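All values below come from the heavy atoms of this structure, side chains included, with hydrogens, waters and symmetry mates left out. Each chain gets a letter, A, B and so on, in the order the sequences are listed, and its residues count up from 1. Worth saying up front: this structure is predicted, and the values here are computed from it rather than measured.
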Amino acid sequence: MIQSVSKLKSKFQEINIRDTINSGQVFLWEKKRDKWYGIDGEKILVIDEKKREFRKNNDEFYFFRQNDNFEEIYSYLKKDKIVKKALREFPGIRLLQQDPFQCYISFIVSSNSNIPNIKTRLQNLCRKFGEKKVINSNEFFLFPKSSVISNASLSQILDCGVGYRAKSIKEASVAVTRGEIDFENLKNMNYYEAKQELVKVLGIGNKVADCILLFSLNKLEAFPLDRWMLRILQKYYSNKFEPATKTITDKTYESIHQKVVKHFGKYAGYSQQFLFKMERELNNKKWL
DNA sequence: ACCTGACCTCGTCT
DNA sequence: AAGACGAGGTCAG
């Protein structure tokens, strides 16, 4: 009994790179031989798939949130029976701390779409507007700077296959170059203040804002409520939260979020990541 | 204030 | 092989 608990705990402390990359947080990662290559803003991260921990203070250390207190997070996560089950199945998943601008554009691009499409569009944006780099004789394109997208024409952005999202992508980039959206400021605000700023941007609603807050702005109580999460809440928690519908109003979203934080605690975002991974795998959904 | 439909594209399915 | 379907939402009316 004691042994199985401590075994789960020690497993939880080991990162699983592949599961983490394939948990819907990032789109610009690919595996070549035994290494994963990922674009994070103007950096390229190269990680051995077998890697289980990182030396303190390098880029990967922060990207995989190794400075989080897992003992404490674990103690919150295991309180919920379903999350505990997901944790047992995918103990090596981590939240990621991504480059904010890339994350911001990525989730604007993600709306009403699916992972293969999102990935293609983001690759197109990088190829068209990003700087080329060669690593281990592999060619990569960095994520574009906000200034480059700001100055691009709508038709250039449309060439990337983003459809009606082109206008949002452009306006969102302009907001950053003008300083109306300042990610360092947002990091210093609380969850509600930061979210309020984000949803002012065209193309950012409740769900996209929560993804940006959770995956790049260090707001661990953010709990993106997409179709999947609503389905999960209905399936495993029946009527504890709200009746599930395809679309929900701002007010309902807010009300569910409050109940969610009350139930899952201040690391609700971590809980969400485990639940999401478990249910998507259960339904054989595609990753990268 | 809440509710509805339209929306670009493209990978998948038939 | 061509045509329809729908996808981790958002916005306007």
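For the pair A:Arg227 CZ and C:dC5 C1', the interatomic distance rounds to 13 Å; values are reported in whole Å. Rounded to whole angstrom, the span from the CG atom of A:Asn283 across to the P atom of C:dG8 amounts to 10 Å. What separates CZ of A:Phe27 from P of B:dT9 is a distance of 20 Å, to the nearest Å. C:dG8 atom C1' lies 11 Å from atom CG of A:Leu225, rounded to whole Å. Summarising the geometry, the separation between CG on A:Asn114 and C1' on B:dT12 is reported as 9 Å, rounded to the nearest angstrom. Rounded to whole Å, the distance from CG on A:Asn117 to P on B:dC13 is 14 Å. In this structure, CG of A:Asp210 is placed 13 Å from C1' of C:dG9, rounded to the nearest angstrom. One can place CD of A:Gln123 at 13 Å from P of B:dC10, the figure rounded to the nearest angstrom.
In this structure, the nucleotide among B:dG11, C:dC11, B:dC2 sitting nearest to the side chain of A:Lys251 is B:dC2. Among B:dT9, C:dG8, C:dG9, the nucleotide with an atom closest to any side-chain atom of A:Lys285 is C:dG8. When distances are taken from the side chain of A:Ser111 to each of C:dA7, C:dG9, B:dG11, the shortest belongs to C:dG9. In the set B:dC7, C:dG8, B:dC2, B:dC7 carries the atom at the smallest distance from any side-chain atom of A:Asn112.
For the OP1/OP2 pair of C:dT10 and a distance below 4.0 Å, the side-chain nitrogens and oxygens of A:Lys207 include no atom meeting the criterion. Neither OP1 nor OP2 of B:dC7 sits under 4.0 Å from any side-chain N or O of A:Arg165. Regarding contacts with the backbone of B:dT9, every side-chain N or O of A:Arg121 stays at 4.0 angstrom or more from both OP1 and OP2.
A:Asp250 comes within 4.0 angstrom of no nucleic acid atom, judged by non-hydrogen atoms across all strands. Across all strands shown, A:Ser23 has heavy atoms under 4.0 Å from base atoms, whether or not it also approaches the sugar-phosphate. Within 4.0 Å of A:Ser113, counting heavy atoms only, lies at least one base atom of the nucleic acid. Within the 4.0 angstrom heavy-atom criterion, no nucleotide atom of any strand lies near A:Ile118.
With respect to A:Glu180 and A:Lys200, no salt bridge is recorded, no charged nitrogen being found less than 4.0 Å from a carboxylate O. Salt bridge A:Lys266/A:Glu72: present, at least one basic N to carboxylate O contact under 4.0 Å. The pair A:Glu254-A:Lys251 does not count as a salt bridge, with every side-chain nitrogen at least 4.0 angstrom from each carboxylate oxygen.
Residues from residues 149-163 of chain A that place a heavy atom under 4.0 Å from any atom of DNA chain B, listed by number: A:Gly161, A:Val162, A:Gly163.
Comparing A:Thr249 and A:Asn124, the nucleotide of DNA chain B nearest to each residue sits closer to the 5' end for A:Thr249. Mapping A:Phe276 and A:Val199 onto DNA chain C by nearest heavy atom places A:Phe276 at the nucleotide closer to the 5' end.
For A:Tyr164 against C:dG9, a side-chain N or O and a base N or O form a donor-acceptor pair under 3.5 Å.
Taking the P atoms as reference points, B:dG11 lies 23 Å from C:dT10, given to the whole Å. The P atoms of C:dG13 and B:dC8 are separated by 14 Å, rounded to the nearest whole Å. Taking atom C1' on both nucleotides, B:dG5 is separated from C:dG6 by 15 Å, rounded to a whole Å. For the P atoms, the distance from C:dG8 to B:dC3 is 24 Å, rounded to whole Å.
Pair assignment for B:dG5: C:dC11, on the basis of Watson-Crick or G-U wobble contacts that are both within less than 3.5 Å.
Residues A:Arg121 and A:Ser113 have side chains that bring a donor and an acceptor to within less than 3.5 angstrom of each other.
Between A:Phe215 and A:Phe107, the angle of the ring planes lies from 30° to 60°, which puts this pair in the tilted group. Taking the six-membered ring where tryptophan is involved, the planes of A:Phe274 and A:Tyr270 are essentially parallel, since the angle between them stays under 30° and well short of 60°.
Within 6.0 Å of CD on A:Glu49 lie more than 12 heavy atoms contributed by other residues, nucleotides or ligands. Around NZ of A:Lys259, the count of heavy atoms belonging to other residues, nucleotides or ligands within 6.0 Å exceeds 12. Atom NZ of A:Lys51 is surrounded by 12 or fewer heavy atoms from other residues, nucleotides or ligands within 6.0 Å.
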